[in-house]
Amino acid sequence: MSTIVPTTIAPEVEAAVAGFMLTQEQMTEVVDRMTKEIKMGLSKDTHSRAVIKCFVSYVQDLPTGKERGKYLALDLGGSNFRVLLVDLKSNTDIEILSKSYVIASSMLSGPGKDLFDFIANCLAEFCKEHNLQGEALPLGFTFSFPLQQQGLTKGILVTWTKGFSCEGVVGKNVVALLQEAIERRGDLKINIVAILNDTVGTLMSCAFTARNCRIGLIVGTGSNACYVEKTVNAECFEGYQTSTKPHMIINAEWGAFGDNGVLDFVRTPYDRMVDKVTPNPGKQTFEKCISGMYMGELVRLVLVDLMAKGKIFVGEKSERIQTQWNFQTSYLSEIESDLPGDFRGCNKVINQLGLVGNNVRDKVHLRYICEAVSSRSAKLCSCGLVTLINKMNINEVAVGIDGSVYRYHPRYHDLLMLHMTKLLRPGIKFELLESDDGSGKGAALIAATAVQSTTK
Ligand code: BGC
């Protein structure tokens, strides 16, 4: 007997998620507002009060495709920390050896010294395992938090994001903290030649093969983008008027967009509830509407609300669903991967949440809620990308993208294509390219360029 799948959505469910359904007008307004904020971030006069900081990356050259050699890379920014050995053999042959280390949750909020000692210990262990102790290889440090850079090897942490809140790091030069931890060990020869954001690594690694790549985007635990700006517009770079190089990669740090209230018109009561339970309330407003750390929690809050009103999973009790952060963002991908009429992914999630879920209508509703949250994420991300493309004023561009949401969500790529096409001026050609380990490869490419320019 085949099940008849209801296609209509109950008015109460529709009402609960109506705020996530952005209209074309709202999206155009988001682009306009973001354009203003980006200009404020770039300009010397307004930078200090701007929310989208548009940090200077000190990376002015895109890869030539001829970079070669062995480099170490560190990747800190999500729940795992990675050490990599990247061998750039040719632009089609890159060998990567890497190891992930789990960061204990206590370390995320403990003393910064412990975090950097942990990083140095992992690095030492990795070098020992691969017999690299005597080599003093150049190292690129992908550090995926807002950094006020003062050079390629100097970056002051402005604020933690994504659940990190280690003490004694904000306001400090992160490269120095790592160097001190390495020196405390005394048994490692390491040459830190660059610190970079993951978006910059992603842009560099895509540009290594795709010549027209001008934007690096991350939609993972957090969200952010970087882009290629004219050096003369990067007013916070001391050499913006005199530099012989025409371009500067700008780390937009777009996650903070809306921290001054300009996005309130697209936020829902659920966004405000999520914000309250984060370690950084009032901060990273745009990121909290978009990225993987928060999407699952948004869905959970809608569910809890509708369950309390007796509109979904009626009569069922689940402690798991009542517990904060218990609805993983990967569940959205699982549920939305089901083909029409199939509920395998959905059933698995329902089961993991400790619900029975015998009612097909509940499953249809659950999917509808997930789709509302993920579509809004993709719509806002499209607004961000369109803002950057318009700002660069170019007719053809490739965007390098990384992050678990983009990688694993079944429709994210298509949603970005759809909404960007609707928002961009006609005739602008764009391509969205999935980056393959941008944090590692990008760090190696920047390290290669840095080493070249110091040995010239
Ligand atoms: C950080 C960015 C980073 C992004 C993606 C955000 O929380 O502020 O620096 O690029 O996450 O990892």
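First listed ligand is number 1; within each ligand, the first listed atom is number 1. It should be emphasised that the depicted structure is a prediction, and the values quoted were computed from it without experimental measurement.
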Under 3.5 Å, is there a donor on one side chain and an acceptor on the other for Ser377 and Tyr412? yes
Under 3.5 Å, side-chain donor or acceptor atoms of residues 114-126 against the rest of the protein: list the pairs with distances, not counting sequence neighbours.
| unit_1 | atom_1 | unit_2 | atom_2 | d |
| --- | --- | --- | --- | --- |
| Asp117 | OD1 | Arg184 | NE | 3.0 |
| Asp117 | OD1 | Arg184 | NH2 | 3.0 |
| Asn121 | OD1 | Arg185 | NH1 | 2.7 |
| Asn121 | ND2 | Asp117 | O | 3.4 |
| Glu125 | OE2 | Lys99 | NZ | 3.0 |

Got a sec, which pairs hit ring-ring contact (aromatic ring centres under 6.0 Å, His included) with one end in residues 219-241, sequence neighbours left out? Tyr58-Phe237
Between the side chains of Lys441 and Asp402, is the shortest nitrogen-to-carboxylate-oxygen separation below 4.0 Å, so that they form an ion pair? no
Please table the atom pairs, donor to acceptor, closer than 3.5 Å between any side-chain atom in residues 158-167 and protein atoms at least two apart or in another chain.
| unit_1 | atom_1 | unit_2 | atom_2 | d |
| --- | --- | --- | --- | --- |
| Trp160 | NE1 | Cys166 | O | 2.9 |
| Lys162 | NZ | Gly77 | O | 2.9 |
| Lys162 | NZ | Ser144 | O | 2.8 |

Using a strict cut-off of under 4.0 Å between a residue heavy atom and any atom of ligand 1, list the qualifying protein residues by chain and number. Ser144, Phe145, Pro146, Thr161, Lys162, Asn197, Asp198, Thr199, Ile218, Gly222, Ser223, Asn224, Glu253, Gln284, Glu287
Among Lys391, Met392, His247, exactly one meets side-chain contact (heavy atoms from CB on, under 4.5 Å) together with Glu229. Which residue is that? Lys391
